[in-house]
Number of protein chains: 2
Amino acid sequence: MVPLNSPLTRKLSAFVALSDIDLETLARFHRRRRTFLPGHEMIHEGQPNASAFILAEGWALSYKVLPDGERQIVDFQVPGDFLGLRSVLFRTADHSIEAATHIEASEVLTSDIFDAFSHAPRLATAVLWAASRDEAMVVEHLVNIGRRSAEERLAHLLLELGARLMLVGLGDKTGFACPLTQYHLADALGLSAVHVNRVLRHLRDDGLVTFQKGRVVFDDFDRLRKMAGFDTGYLDQDGPLLR
Amino acid sequence: MVPLNSPLTRKLSAFVALSDIDLETLARFHRRRRTFLPGHEMIHEGQPNASAFILAEGWALSYKVLPDGERQIVDFQVPGDFLGLRSVLFRTADHSIEAATHIEASEVLTSDIFDAFSHAPRLATAVLWAASRDEAMVVEHLVNIGRRSAEERLAHLLLELGARLMLVGLGDKTGFACPLTQYHLADALGLSAVHVNRVLRHLRDDGLVTFQKGRVVFDDFDRLRKMAGFDTGYLDQDGPLLR
DNA sequence: CGGTCTGTTGACAGTGATCAAAAAGTGTGG
DNA sequence: CCACACTTTTTGATCACTGTCAACAGACCG
């Protein structure tokens, strides 16, 4: 019943050796099971007192919308990810989160989180680490958009998604199932959908990677990786730092 | 002697009502005073077991360098900011930090931080909040680069720096002292220095903002703000969330 | 006084946006 | 099973924002 081996638990344990109390506290995060339909807005920018979620199944995307209607996707969330932590710590959510597919998730209330931290300080440290890891991904995304060409950006994003999915057993060097549309990629990379399409064709023609029919296939993983300047450093963690 | 009213303490107190133990623990972060010269690399990407710093005086910049030598500045740090937290939580620093000016800072060791968290859990929550606030700034920066024109990006960055400096009493609606070069702005915004220069001239000619001789002057704050779509939401915090 | 760093300007090139339209895929109800 | 609507993918033509290259002026420094 208690998912001691949930993806999140596994992830946090990789950083901090969690005590039984920590594990119990963490298990309590999984009490409220929720289901969302594709397109449902789980958290809306500006919403006060939003909850956080632990994603068990499906993909979500966090984004901001500009006054002129343009959208910038900040990050994608895949199973095992903690999402909406910032909207819990702040009074009002500073970004929106939408279900990209059918989603199964556990809802975590603000009170759950603060209670947990006062009873289980190591857990607080672990969550701080997880939040930092998320920030590292946003930073890499920033570098990606700021300084790489459209081709490199696209390659980098697909490689990062692949790497993250491998960690939770949902992908390998061959590729992974991907429910995103080319519009999603465009909104994440600061490009137009038309240009994304052109670049995808080019990458495919070059025998590097194929994005089609809900699946990403790495046709030449090493060459793609080299071309994108992709380095997993910001995702790796060798073993518990705190014992 | 113990700077109970340091900028960092003030910032954290705005989120969590800190106990005496929390405050004492926090004060212990300020034991190791350090000075750095302009251009000094305080943290180097890949460096193992780096320290964190609390900036008392001067400006720093965190950045990543790509294989081809291009640099992307991720964030600027101004007095009162906590910097390098991620490089403490990770085994190796995932980004570099360089002093832009002469810097006065307190060095915080990894052990300080972990000890603090086990003795003062509320402090851990406060630091998590501060880290999330930093992440919110990186996210806004990402949106800035991904979806805004060069002109809007520049205006937005100058407004954000202004807002942050106002919080620590180093600027007002008139403007602020700014030690950055146009190269810094270019590296932060994903633009070329030449283009930054052109856009700055345009903004100046339009009577919006002037960036010259180490000073940013807001010639028409409201119009600039409107043009950039600048909203301070992601920086605001009304009062302690946790009592 | 020469060297270096920063700021400034012009000419030209190229990446990626925009506009337009068609093809292919997906789902729905009759 | 088909017709229809809608979303997603694809391609072409054109345009503009921004990068690159080059040169020079001014400030600062030893």
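Just so you know, these numbers use all the heavy atoms, side chains as well, and skip hydrogens, waters and symmetry mates. Because the structure is predicted, anything quoted here is derived from the model rather than measured. In what follows, chains are A, B, ... by sequence order, proteins preceding strands, each numbered from 1.
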Colleague: Locate the shortest heavy-atom distance separating Thr92(A) from Gly46(A); write the atom from each residue and the value.
Modeller: CB-O, 3.8 Å

Colleague: Will you find, in the side chains of His156(B) and Glu140(B), an N or O donor that is under 3.5 Å from an N or O acceptor?
Modeller: yes

Colleague: For DNA chain C, which residues in residues 179-189 of chain B have a heavy atom at a distance below 4.0 Å?
Modeller: Thr181(B), Gln182(B)

Colleague: Between atom CD in Gln212(A) and atom P in dT26(C), what is the gap in whole Å?
Modeller: 12 Å

Colleague: Taking C-beta and beyond as the side chain, do Val74(B) and His95(B) meet within less than 4.5 Å on heavy atoms?
Modeller: no

Colleague: Measure from the side-chain N and O atoms of Ser62(A) to the backbone N and O of Asp75(A), and report whether any donor-acceptor pair falls under 3.5 Å.
Modeller: yes

Colleague: Indicate yes or no: does Lys64(B) engage Asp231(A) in a salt bridge with an N to O separation below 4.0 Å.
Modeller: no

Colleague: Taking the side chain as C-beta and beyond, is there a heavy-atom pair between Asp206(A) and Met227(A) under 4.5 Å?
Modeller: no

Colleague: Applying salt bridge (charged side-chain N to carboxylate O under 4.0 Å, His left out) to Arg86(B) and Asp134(B), what does each step give before you reach the verdict?
Modeller: CA-CA 11 Å; Arg86(B) 275 211 323 285; Asp134(B) 289 348; over 6 Å; no

Colleague: Find the distance Leu154(A):CG to dT9(D):P and express it as a whole number of Å.
Modeller: 12 Å

Colleague: Mark yes or no for whether Ser96(B), through its side chain, and Glu45(B), through its backbone, hold a donor-acceptor pair below 3.5 Å.
Modeller: yes

Colleague: Atom CG of Leu200(B) and atom P of dT18(D): how far apart are they, to the nearest Å?
Modeller: 13 Å

Colleague: Return the value, rounded to whole Å, for the distance between atom CG of Asp205(B) and atom P of dT8(C).
Modeller: 11 Å

Colleague: Between protein and nucleotides 20-23 of chain D, what N or O pairs are separated by less than 3.5 Å?
Modeller:
from	atom 1	to	atom 2	distance (Å)
dT20(D)	O4	Arg198(B)	NH2	3.0

Colleague: Could you go through Arg147(A) and Asp187(B), starting from their C-alpha distance and side-chain angles, then the distance that decides it, and tell me whether this counts as salt bridge (charged side-chain N to carboxylate O under 4.0 Å, His left out)?
Modeller: CA-CA 9 Å; Arg147(A) 286 292 172 204; Asp187(B) 281 349; 3.2 Å; yes

Colleague: dT8(D) C1' sits how many Å from Arg215(A) CZ, rounded?
Modeller: 20 Å

Colleague: Classify the nucleic acid contact of Gly190(B) as base, sugar-phosphate or nothing, counting any heavy atom under 4.0 Å across all strands shown.
Modeller: sugar-phosphate

Colleague: 5'-most contact on DNA chain D: Phe211(A) or Arg147(A), nearest heavy atom basis?
Modeller: Phe211(A)

Colleague: Can you tell me if the side-chain N/O atoms of Asn197(B) get under 4.0 Å from OP1 or OP2 in dG7(C)?
Modeller: no

Colleague: Between dT9(D) atom P and Arg204(A) atom CZ, what is the distance in whole Å?
Modeller: 11 Å

Colleague: Hey, does Leu191(B) reach any base, or is it just sugar-phosphate, or nothing, if we go heavy atoms under 4.0 Å?
Modeller: sugar-phosphate

Colleague: Extract from the structure each pairing of a protein N or O with an N or O of nucleotides 26-29 of chain D at less than 3.5 Å, listing the distance.
Modeller:
none

Colleague: Say whether, by atom type as modelled, one donor and one acceptor occur between the side chain of Arg153(B) and the main chain of Leu189(B) under 3.5 angstrom.
Modeller: yes

Colleague: Between Asp81(A) and Lys11(A), does any NZ, NE, NH1 or NH2 come within less than 4.0 Å of an OD or OE carboxylate oxygen?
Modeller: yes

Colleague: Starting at atom CZ of Arg201(B), determine the distance to atom P of dA25(D), rounded to an integer number of angstrom.
Modeller: 17 Å

Colleague: For the side chain of Glu104(A) and the backbone of Leu55(A), is there at least one donor-acceptor N/O pair under 3.5 Å apart?
Modeller: no

Colleague: Please give, in whole Å, the distance from dC17(D) C1' to His202(B) NE2?
Modeller: 13 Å

